Amino acid sequence: MSIEAISGAKTTSSSANRLVAEEDASLVAAAKARDTRAFELLVERNERKIFSMAQRITRNREDAEDVVQQSFQKAFINLQKFEGDSLFSTWLTRIAINEARMLLRRRRGSREVPIEESSMKAESALPLEFPDSAPNPEDSCLDREQEQVLSAALNKLRPGIRKAIELRDLGELSTGETALVMGLSVAAVKGRVFHGRRKLRETLSQSLQASK
């Protein structure tokens with residue numbers, strides 16, 4: 001699919017999500033080949049969503065704008081590393097969540113950003129934090145390995161459950177805010193987070209056992 005066709009494409013069919021994924025894949029491929037217009041289109045297609053999420057996390061418009069700028073800069077710099085194992089929007093969302101969390105850490109003067117306890121009291125909150133940068137090379141290597149394990153575990157979740165986990169736990173949105181973003185009821189979000197955390201625990205536990 002050409003860049004021009006994508007730029008002017010519109011669809012109202014039930015296959016819209018699949019079409020968006022195919023278009024994004026084409027744009028990513030073109031952007032990797034140094035087509036600047038392709039990356040501009042990726043920005044245009046995702047900027048509003050990333051800004052909305054960043055503003056919900058930071059509760060500040062200027063901070064959200066900084067997060068958006070930093071996220072797209074980081075995505076551009078690391079685009080060659082994106083292998084297409086997930087949607088581009090999912091990859092970009094993870095970058096933005098990480099950027100927003102680091103901004104909050106700097107603002108609060110702490111490396112830790114606590115995750116609110118789940119209302120599903122039977123399930124304790126998972127430590128789903130993406131690692132912060134550290135000057136110690138050995139710690140940085142361990143952080144990268146942990147991030148890879150977590151990313152792989154997240155990719156095994158069904159898309160709807162994965163998004164709920166990313167927004168509720170990684171994005172630190174409240175259950176109600178997550179429901180608004182996803183267009184679901186609070187009960188539906190609680191259910192998805194409950195099952196997502198349980199599945200992540202199982203997957204991460206298996207990964208730890210396999211590494212021993």
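Computed from a prediction, not measured in an experiment: that's the story for all the values here.
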**OP:** Answer yes or no: is there a donor N or O on one side and an acceptor on the other, between the side chain of N46 and the main chain of L42, under 3.5 Å?
**Re:** yes
Subject >> Pairing of K163 and E166 as salt bridge, 4.0 angstrom limit >> reply: no
Subject >> Exercise: identify the closest heavy-atom pair between R162 and L154 >> reply: CD-O, 3.1 Å
Original post:
Which distance, rounded to the nearest 0.5 Å, do you find between the CZ of F76 and the CD of E40?
Top reply: 10.0 Å
Original post:
Taking all non-hydrogen atoms of both residues, which atom of L79 and which atom of F88 are closest, and how far apart?
Top reply: CD1-CE1, 4.0 Å
**OP:** Would you confirm whether K32, through its side chain, and L27, through its main-chain N or O, come within 3.5 Å as a donor-acceptor pair?
**Re:** no
**OP:** Considering non-hydrogen atoms only, spot the tightest contact between A64 and F51 and give its length.
**Re:** CB-CE1, 3.6 Å
Subject >> Nearest atoms (heavy-atom pairs only) where A54 meets V67 >> reply: CB-CG1, 3.7 Å
Original post:
Can you tell me how far CG of L103 sits from OG1 of T58, rounded to the nearest 0.5 angstrom?
Top reply: 7.0 Å
Subject >> Atom pair CZ/CD1 of F194 and I165 - distance to nearest 0.5 Å >> reply: 11.5 Å
Original post:
Between atom OG1 of T175 and atom CZ of R192, what is the distance when rounded to the nearest 0.5 Å?
Top reply: 13.5 Å
Subject >> Within-4.5 Å side-chain heavy-atom neighbours: W91 and N78 >> reply: yes
Original post:
For the residue pair I50 and A96, what are the closest heavy atoms and their distance?
Top reply: CG2-CB, 3.7 Å
Original post:
Nearest heavy-atom pair of M182 and A164: which atoms, and what distance?
Top reply: SD-CA, 3.7 Å
Subject >> CD/Q80: more than 12 non-hydrogen atoms of other groups inside 6.0 Å >> reply: yes
Original post:
Does any non-hydrogen side-chain atom of R45 lie less than 4.5 Å from one of E23?
Top reply: yes
Original post:
For I97 and M53, what are the C-alpha separation, side-chain angles and deciding distance, and is it a side-chain contact (heavy atoms from CB on, under 4.5 Å)?
Top reply: CA-CA 8 Å; I97 288 173; M53 184 196 68; 3.7 Å; yes
Original post:
Under 4.5 Å between side-chain heavy atoms, hopping through other hydrophobics if needed: is there a path connecting L167 to L87?
Top reply: no
Original post:
Ion pair present between R94 and E99, side-chain N to carboxylate O less than 4.0 angstrom?
Top reply: no
Original post:
Quick one: does F72's side chain get under 4.5 Å of L92's, heavy atoms only?
Top reply: yes
**OP:** Would you give the length of the straight line joining atom CD1 of I57 to atom CD of Q55, rounded to the nearest 0.5 angstrom?
**Re:** 11.0 Å
Subject >> All side chain to side chain donor-acceptor pair (under 3.5 Å) counterparts of D63, not counting sequence neighbours >> reply: R107
**OP:** Measure the OG1-CG distance between T93 and N98 for me, rounded to the nearest 0.5 Å.
**Re:** 12.5 Å
